[in-house]
Amino acid sequence: MKDGGYSFKYRAQPTSRQMMQHTDNAADAARRLLSWYDRHHRDLPWRISPPMARDGVVADPYHIWLSEVMLQQTTVQAVKPYFHKFLTLWPKVTDLASADTEEVMKAWAGLGYYARARNLKKCAEAVARDHGGVFPDTEEGLKALPGIGDYTAAAVSAIAFNRQSAVLDGNVERVISRLYAIETPLPSAKPEMRALVARMTPADRPGDFAQGMMDLGATICTPKRPACALCPLNADCLALKMADPETFPRKAAKKDKPLRVGAAFVASGPDGAVYLRKRAETGLLGGMTEVPGTAWTSRIDGDNTIEAQPFAAAWEPCGTITHVFTHFELRLSVYRANVAIRDKSGNGWWEPLASLEAQALPTVMKKAIAQAIPHAFKAGTN
DNA sequence: AATTCGGGGAG
DNA sequence: CTCCCAGAATT
């Protein structure tokens, strides 16, 4: 096993006969999982389906890596258009490596978790500079690259390089937790789960096994109302046999989201251009474009509302927007001003309305601009 | 071990 | 409304 390094403390030491029985069950379960995958796999843009694989088609590591980074905490449906856009703009990893970072941020805008885009660019640069434009073909080599952690290293290793790596994502966590009725709550249970996945992962077709487990979690072993009657592993599932599968995996309680408030200022120039500026490279929405505004704090500070104005103008309130982030909810008061002369004293710039859509604007900023200028992002304006 | 990172779709 | 999605980096 290439993924050792942690102690396996799952229950008591099994006898050798039990271990053999367990191993046989795991191997048989893997076979049934692969058989199910052959018949029920989803057709995804980055995936080499089993029939094509039999014709000798192999996955492009660049495609697998790009899709896996985009898929981190992100649904397949949300990723698809971005995957196609990136391959059109940058067909090879070396193209992405030599691209302008600002163009990459623009292309990523709307997908969220923007540190992924910054690390994506750094990773492409590292592959081009340190590896001759070829991705490392081991978990260790992959994990040393920016933006590639335990999951992505194992996934690329298994799917693109046919290595026997243990792939553990949110789907597999759910499948494994039910299969073995694991009472340990997440995230503490991850080492146990990874060891069980490693034991089950076959030497033959490890990439299809990983994708099959993820497809199973996405379509059969779902968070709510799992279709256990259709599951190829239902004969082995301890949660189905002894408890309620829907109650797995166990998870630590989550904390509530606080409310933060602030103000945003949308200035329109004489020709309709909007005043924009660039956010700091690190932190929330790091490196993305924004309209000027106050800091986002737990309660309203009237003085900040004055200081945060980019320049003196006849600012008029035009309503509020709300936006939900991962760990807080934001309520923004939006102000609008139509100015006759473009102020050029600050660090920002005036962006024509026609090219607003193509900017690196996160969703919350598009909401704020649309609140002030309802036709800003409508079709026909670009 | 906890926290910080977006956005959207399903139920 | 709640949950969670092919998680990683930082503290």
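Computed over heavy atoms, backbone and side chain alike; hydrogens, waters and symmetry mates excluded. Proteins get letters first, then strands, A, B, ... in listed order; numbering begins at 1 in each.
- Within the 4.5 Å cutoff, the side chain of A:Leu240 has no heavy atoms near those of the A:Arg178 side chain.
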Nucleotide N/O to protein N/O under 3.5 Å, stretch nucleotides 3-5 of chain C:
unit_1: C:dC5; atom_1: OP1; unit_2: A:Arg174; atom_2: NH1; d: 2.5

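- Annotation: C:dC4 and B:dC5 have their P atoms spaced 22 Å apart (nearest Å).
- With a cutoff of under 4.0 Å to any heavy atom of chain A, the contacted region of DNA chain B is bounded 5' to 3' by B:dT3 to B:dG8.
- At a threshold of 4.0 angstrom between heavy atoms, the contacts of A:Leu44 include nucleobase atoms, whether or not backbone atoms are also involved.
- A donor-acceptor pair under 3.5 Å is formed between the side chain of A:Arg336 and the backbone N or O of A:Ala372.
- Across all strands, A:Pro362 comes closer than 4.0 Å only to sugar-phosphate atoms, never to a base (heavy-atom distances).
- Of the possible polar contacts, one joining the A:Lys85 side chain to the A:Ala107 backbone as a donor-acceptor pair under 3.5 Å is found.
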Pairs of donor and acceptor atoms involving the side chains of residues 313-325 of chain A, under 3.5 Å and at least two apart or interchain, shall be tabulated with distances.
unit_1: A:Trp315; atom_1: NE1; unit_2: A:Phe311; atom_2: O; d: 3.2
unit_1: A:His323; atom_1: ND1; unit_2: A:Lys367; atom_2: NZ; d: 3.0

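- Evaluation of the ring-ring contact (aromatic ring centres under 6.0 Å, His included) rule for A:Phe86 yields A:Trp90, A:Trp108 as partners, not counting sequence neighbours.
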Indicate every side-chain donor-acceptor pair of residues 217-229 of chain A with a distance under 3.5 Å to a residue at least two apart or in another chain.
unit_1: A:Thr219; atom_1: OG1; unit_2: A:Asp215; atom_2: O; d: 2.8
unit_1: A:Thr222; atom_1: OG1; unit_2: A:Lys224; atom_2: O; d: 3.0

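- Heavy atoms of A:Thr152 sit under 4.0 angstrom from primed sugar atoms or phosphate atoms, though from no base atom.
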Show the atom names and distances, to 0.1 Å, of all donor-acceptor pairs under 3.5 Å that link a side chain in residues 282-293 of chain A to residues at least two apart or in another chain.
unit_1: A:Glu290; atom_1: OE1; unit_2: A:Arg279; atom_2: NH1; d: 2.8
unit_1: A:Glu290; atom_1: OE2; unit_2: A:Arg277; atom_2: NE; d: 2.8
unit_1: A:Glu290; atom_1: OE2; unit_2: A:Arg277; atom_2: NH2; d: 3.3

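- Residue A:Phe325 is in sugar-phosphate contact alone, with no base atom involved, counting any heavy-atom pair closer than 4.0 Å across all strands shown.
- For the salt bridge (Lys or Arg N to Asp or Glu O under 4.0 Å) test, residues two or more places apart in sequence or in another chain that qualify with A:Asp271 are A:Arg342.
- Taking A:Asp208 as the reference, A:Arg205 meet the salt bridge (Lys or Arg N to Asp or Glu O under 4.0 Å) condition, with sequence neighbours excluded.
- For A:Phe83, the ring-ring contact (aromatic ring centres under 6.0 Å, His included) test picks out A:Trp46, with sequence neighbours left out.
- Using a 4.0 Å heavy-atom cutoff across all strands shown, A:Ile148 reaches sugar-phosphate atoms only and no base atom.
- A:Asn234 places a side-chain N or O within donor-acceptor distance of the main-chain N or O of A:Cys231, the cut-off being under 3.5 Å.
- Distance, A:Arg116 CZ to C:dG7 P: 10 Å, rounded to whole Å.
- A:Leu34 places a side-chain heavy atom less than 4.5 Å from the side chain of A:Pro202.
- A heavy atom closer than 4.0 Å to some atom of DNA chain B occurs in no member of residues 87-108 of chain A.
- Proximity of A:Leu120 to A:Arg116: side-chain heavy atoms (C-beta onward) are nowhere separated by under 4.5 Å.
- Within residues 207-218 of chain A, the residues approached by DNA chain C to less than 4.0 Å at the level of any non-hydrogen atom are A:Met214, A:Asp215, in residue-number order.
- Sequence order on DNA chain B of the closest nucleotides to A:Phe328 and A:Arg225 puts A:Phe328 first from the 5' end.
- Note: CG (A:Asp256) to C1' (C:dC1) measures 15 Å, nearest angstrom.
- Spacing between B:dG6 and C:dT10 at atom P, rounded to whole Å, works out to 14 Å.
- Nucleotides B:dT3 and C:dA6 place their P atoms 25 Å apart, quoted to the nearest Å.
- Atom CG of A:Asn119 is separated from atom C1' of C:dT10 by 12 Å (rounded to the nearest Å).
- Listed by first and then second residue, the ring-ring contact (aromatic ring centres under 6.0 Å, His included) pairs involving residues 133-156 of chain A are A:Trp65-A:Phe135 (not counting sequence neighbours).
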